[in-house]
Amino acid sequence: MEELAEEAGITVRTLRFYRERKLIHPPRREGRIAWYDETHLARLRTISGLLERGHTLNGIAELAEAFDHGRNVGELLGLGAPTEETPVRLTPEALADYFGDQATPENFAASLELGYLGTDGGEIVHISRRLLDVTAALVREGIPLADVLGAGRRVREHAESLADLFTELVLAQGGRTAEDLQRLRPLAKSVVEAELSLAMDRRIQQDGQAPQRP
């Protein structure tokens, strides 16, 4: 315990307090000897980093619980890695840097449930660099992260329906296989992007013609 506290730059008393609060996992025991490893040190450094960013111990405890009970990256990715999206590995501190005070336990849990985030040992994995960057950009524009995640959930439902529609369209033609579906997926993306662009044009035009709210 003394060695771990020294490596983490904290006192033994603080380490005992963190153990009592269950902020770190119990050590591995061999008889009367308690062994700590790099995962304990990483968790302590994470706690220090989050405290420096203004998070409270209660908030960190809730984040740690959500993190420990989150889906691992294998469950997140399913049968394999995304073919076009690039997963991103993040520390909890890096995630806090992306979203600041919006990186709450509630939003973290919502992201886990939505499937944006998974865990891999001491790291967090975001399913898509593009989704992470867009989410962070919307939050920087002043849109609450909870609202962005709520919209993401609705988009997911529509995207699943569109994927089902295109899959049925392709495979309904006799003799088509999953390889054909993969080969033709850029066409599906082009249709969706074009239709969304046209729909946004219509929405912008409608809002431009509507009376301005006081």
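In this chain, residues are counted from 1 in sequence order. Treat the numbers as computed from the prediction; the structure is a model and nothing was measured.
Across L149 and A110, no two heavy atoms sit closer than the pair CD1-CB, 4.0 Å. Taking each heavy atom of A103 and A96 in turn, the nearest pair found is CB-CA, 4.1 Å. Nearest heavy-atom pair, P87 versus V125, reported as atom, atom and distance to 0.1 Å: CB-CG1, 4.0 Å.
Under the 4.5 Å side-chain criterion, counting only non-hydrogen atoms from C-beta, S128 is not in contact with T86. Put simply, the side chain of L23 reaches to within 4.5 Å of the side chain of I47, judged on heavy atoms. When side chains are defined from C-beta on, L145 does not count as touching T104, because their heavy atoms never get closer than 4.5 Å. Between I10 and F17 there is no side-chain heavy-atom pair separated by less than 4.5 Å. Contact check for L51 versus I60: side-chain heavy atoms found under the 4.5 Å cut-off. Side-chain contact between I124 and V88: absent, with no pair of heavy atoms (C-beta onward) separated by less than 4.5 Å. Between R19 and P26, the closest side-chain pair of non-hydrogen atoms is not below 4.5 Å. A heavy-atom distance below 4.5 Å is found between the side chains of Y116 and R156.
The other members of the hydrophobic cluster of L187, by chain and number, are F166, L169, V170, L171, L181, L184 (side-chain heavy atoms under 4.5 Å, ILVMFWY only).
Using a 3.5 Å distance cut-off with no hydrogens or angles, the side chains of D37 and T39 do pair a donor with an acceptor. Residues R176 and Q173 bring no donor and acceptor atom of their side chains to less than 3.5 Å of each other.
From L90, atom CG reaches atom CG of L95 across 6.0 Å, with rounding to the nearest 0.5 Å. In this structure, the separation between CD on E84 and NZ on K189 is 4.0 Å, given to the nearest 0.5 Å. To the nearest 0.5 Å, the span separating NE2 on H40 from CD on E7 amounts to 14.5 Å. Atom-to-atom distance recorded for L198:CG and R203:CZ is 14.0 Å, nearest 0.5 angstrom. Separation of atoms CD (E113) and CZ (F108) is listed at 13.0 Å; rounding is to 0.5 Å.
Under the side-chain hydrogen bond (donor to acceptor under 3.5 Å, both in side chains) criterion, T14 pairs with T11, not counting sequence neighbours. For S197, there are no side-chain hydrogen bond (donor to acceptor under 3.5 Å, both in side chains) partners two or more places apart in sequence or in a different chain. Remark: A109 pairs with no residue by the side chain to side chain contact (heavy atoms under 4.5 Å, CB included) rule, at least two apart or across chains. When the side-chain hydrogen bond (donor to acceptor under 3.5 Å, both in side chains) test is applied to Y18, no partner is found at least two apart in sequence or on another chain.
Under the side chain to side chain donor-acceptor pair (under 3.5 Å) criterion, no residue pair touches residues 158-171, with sequence neighbours excluded.
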**OP:** Might you work through the side-chain contact (heavy atoms from CB on, under 4.5 Å) test for W35 and R29, ending with a clear yes or no?
**Re:** CA-CA 6 Å; W35 293 98; R29 291 194 174 275; over 6 Å; no
**OP:** Apply salt bridge (charged side-chain N to carboxylate O under 4.0 Å, His left out) to R28 and E30, showing your working.
**Re:** CA-CA 7 Å; R28 177 175 58 86; E30 292 182 3; 2.5 Å; yes
**OP:** Step by step, work out the side-chain contact (heavy atoms from CB on, under 4.5 Å) result for L162 and E157.
**Re:** CA-CA 9 Å; L162 290 169; E157 294 172 358; over 6 Å; no
Original post:
Is there a side-chain contact (heavy atoms from CB on, under 4.5 Å) between L41 and Y36 once you walk through the steps?
Top reply: CA-CA 8 Å; L41 182 58; Y36 295 90; over 6 Å; no
**OP:** Verify salt bridge (charged side-chain N to carboxylate O under 4.0 Å, His left out) between R183 and D180, making sure each step is shown before the conclusion.
**Re:** CA-CA 5 Å; R183 179 173 56 85; D180 294 304; 3.0 Å; yes
Original post:
What's the verdict on side-chain contact (heavy atoms from CB on, under 4.5 Å) for I127 and L132, showing C-alpha distance, side-chain angles and the deciding distance?
Top reply: CA-CA 8 Å; I127 192 68; L132 175 62; over 6 Å; no
Original post:
Should R185 and Q182 be marked as a side chain to side chain donor-acceptor pair (under 3.5 Å) after you check the CA-CA gap, both sets of side-chain angles, and the distance that decides it?
Top reply: CA-CA 5 Å; R185 68 185 286 171; Q182 174 68 11; 3.2 Å; yes
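Between the side chain of D207 and the main chain of I204, no donor-acceptor pair closer than 3.5 Å is present. For the pair H126 (side chain) and R89 (backbone), a donor-acceptor distance under 3.5 Å is absent. Although no hydrogens or angles enter the test, the distance criterion places a donor-acceptor pair under 3.5 Å between the side chain of N107 and the main chain of Q102.
Counting non-hydrogen atoms of neighbouring residues, nucleotides and ligands closer than 6.0 angstrom, the CZ atom of R16 reaches no more than 12 such neighbours. When the shell of 6.0 Å around CZ of R153 is examined, it contains more than 12 heavy atoms from other residues, nucleotides or ligands.
Note on V192 and V155: separate hydrophobic clusters, where clusters join Ile, Leu, Val, Met, Phe, Trp and Tyr whose side-chain heavy atoms are under 4.5 Å apart, directly or indirectly.
Remark: R130 engages E85 in a salt bridge, criterion side-chain N to carboxylate O under 4.0 Å.
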